[in-house]
2 protein chains.
Amino acid sequence: MLVSSKISVQKSTRKAQIFNASLELMRRMGYLSTSMRDIASAVKMEAASLYNHISGKEVILSETCFLMAEQLLKGLAEVNDIYFNPIEKLSLAVKNHVKVLTENTHAGWVFVHEWRNLSEENRIRFVALRDEYEKGFTTILKQGEDEGVFQDVNNKFAVLTILASLNWVVEWYKPQGDMTPEQIAEKLTEFILSGLKKENN
Amino acid sequence: MLVSSKISVQKSTRKAQIFNASLELMRRMGYLSTSMRDIASAVKMEAASLYNHISGKEVILSETCFLMAEQLLKGLAEVNDIYFNPIEKLSLAVKNHVKVLTENTHAGWVFVHEWRNLSEENRIRFVALRDEYEKGFTTILKQGEDEGVFQDVNNKFAVLTILASLNWVVEWYKPQGDMTPEQIAEKLTEFILSGLKKENN
DNA sequence: TTGCAATACTAACAAATGTTAGTTAGTTCA
DNA sequence: TGAACTAACTAACATTTGTTAGTATTGCAA
């Protein structure tokens with residue numbers, strides 16, 4: 001296992017209940033449209049009582065975003081440290097990405113969609129992490145190019161396109177669906193590497 | 001030209017000014033965080049005066065979303081009607097998609113990101129159009145498979161992944177950037193068809 | 001010039017929001 | 001027992017929000 005999950009393995013503390021309920025609500029209605037009163041009523045308390053457990057609405061968003069970012073970065077770092085073959089690296093990076101996003105589907109969705117609503121300070125920190133993550137992918141592509149395994153593409157363009165397809169997983173992945181995260185990762189890797197044309201192997 | 005633009009070729013009526021200012025603000029701050037007072041001050045009037053020109057905040061969002069959807073669908077329909085070769089079809093569908101999204105960058109962004117904030121009634125209508133659009137792409141892929149040009153992939157999966165990469169264009173496209181919409185479309189088509197591996201043609 | 005339609009304004013509303021203050025009940029533990 | 005802590009409550013706050021009502025001004029058509 002590349003990365004350990006903190007969000008999905010929560011003790012059932014009141015704080016954890018609040019987080020879980022919040023993330024579910026935010027996935028359904030969006031961060032801004034989810035009020036503290038909505039959250040409170042989901043965990044059967046008054047809005048004011050939430051402040052005995054969390055310091056404000058934004059920490060739900062920020063803790064989620066930064067935890068996910070941390071997991072993604074950690075996984076990518078491990079991949080970039082350990083394995084040599086660029087194809088293998090890319091494949092493992094994709095697997096890690098899908099794994100992290102699907103481990104807690106609500107958190108994954110909120111992470112992908114709602115980071116824009118972070119306070120300015122947090123947003124700046126977050127974007128820095130995102131840039132770092134993108135750089136990790138760029139490194140893999142560059143290595144692939146240098147070794148003559150990958151086409152000579154516009155790296156920035158390619159990385160963004162790849163990450164776009166990876167992130168879209170949060171849109172339609174269902175734990176009870178007909179594809180496991182591993183299968184999804186495999187299909188995505190295949191798509192990224194070989195595209196649609198049949199002549200390709 | 002496959003599709004004519006309505007949003008980008010606006011007469012400078014007061015309503016058009018309001019729409020333009022709104023879309024720019026909404027791209028920067030999001031739909032929900034953009035208040036009528038923000039919009040009003042951007043066009044130098046009072047919030048209440050906006051109602052002489054538009055019936056409410058949501059019409060800005062809904063008109064934008066449905067206009068974009070209409071343009072996308074129209075372009076796709078033309079492609080599916082006229083051309084025969086699936087590869088050519090896909091390539092033209094991609095080109096149309098990128099074209100529509102980049103013609104008015106703010107509208108494109110709002111369309112991709114904010115449709116979730118439509119009223120329930122509009123959201124249902126919108127999702128129906130989106131499903132129809134996805135079906136158009138599925139048809140192309142299926143044809144490619146039947147003719148032995150495309151790999152035998154999970155079509156639903158492939159279409160969603162493809163559209164994800166196409167939509168991500170709104171994230172980073174800049175009219176003054178170093179790639180034209182046509183070049184972007186070309187690169188995307190290449191990526192979708194052939195992937196990253198070098199052995200592919 | 002008169003009159004009307006278009007467009008702007010001021011004022012205000014009712015609702016919703018995140019959060020704070022102050023209080024109370026229950027539990028833990030010395 | 002009693003002190004300290006935890007976690008719930010009620011009440012209220014200051015803002016912000018989209019929108020409406022009513023009124024003034026403007027500019028064009030008759």
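A, B, ... follow the sequence lines: proteins, then strands. Residue 1 opens every chain. A quick note: this is a predicted structure, and the numbers were derived from the prediction, not measured.
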Whether A:S55 side chain and A:Y51 backbone form a donor-acceptor pair below 3.5 Å: no
CG-CD distance between B:L160 and A:E171, expressed to the nearest 0.5 angstrom: 9.0 Å
Side-chain N,O (B:S35) to OP1/OP2 (D:dT16) below 4.0 Å: no
Nearest-angstrom distance from the residue atom OH of A:Y51 to C1' of D:dT6: 19 Å
Atom pair distance, as rounded to whole Å: CE in B:M26 and P in D:dT17: 13 Å
Spacing between B:K57 atom NZ and D:dT19 atom P, to the nearest angstrom: 8 Å
Ion pair check, A:K15 and A:E63, cut-off under 4.0 Å: yes
A:R14 side-chain N/O to D:dA8 phosphate OP1/OP2 under 4.0 Å: yes
Separation of B:D38 CG from B:M29 CE (nearest 0.5 Å): 4.0 Å
B:K89 side chain to B:N80 side chain, donor-acceptor N/O pair below 3.5 angstrom: yes
Residue mapping more 5' on DNA chain C - nearest nucleotide basis, A:S33 or A:S55: A:S33
Distance in angstrom units between A:M45 CE and D:dT10 C1', rounded: 15 Å
Salt bridge flag under 4.0 Å for residues B:K74 and B:E70: no
Distance, rounded to the nearest Å, where A:I54 contributes CD1 and D:dA7 contributes P: 13 Å
Rounded interatomic separation in angstrom, taking CG from B:L25 and P from D:dG18: 12 Å
Inter-residue atom distance B:S33.OG - A:R116.CZ, 0.5 Å rounding: 12.0 Å
Euclidean distance, atom CE of residue A:M36 to atom C1' of D:dA12 [Å, nearest integer]: 17 Å
Euclidean distance, atom CG of residue B:N52 to atom P of D:dT25 [Å, nearest integer]: 16 Å
Outermost nucleotides of DNA chain C that come under 4.0 Å of a non-hydrogen atom of chain A: C:dT17 to C:dA21
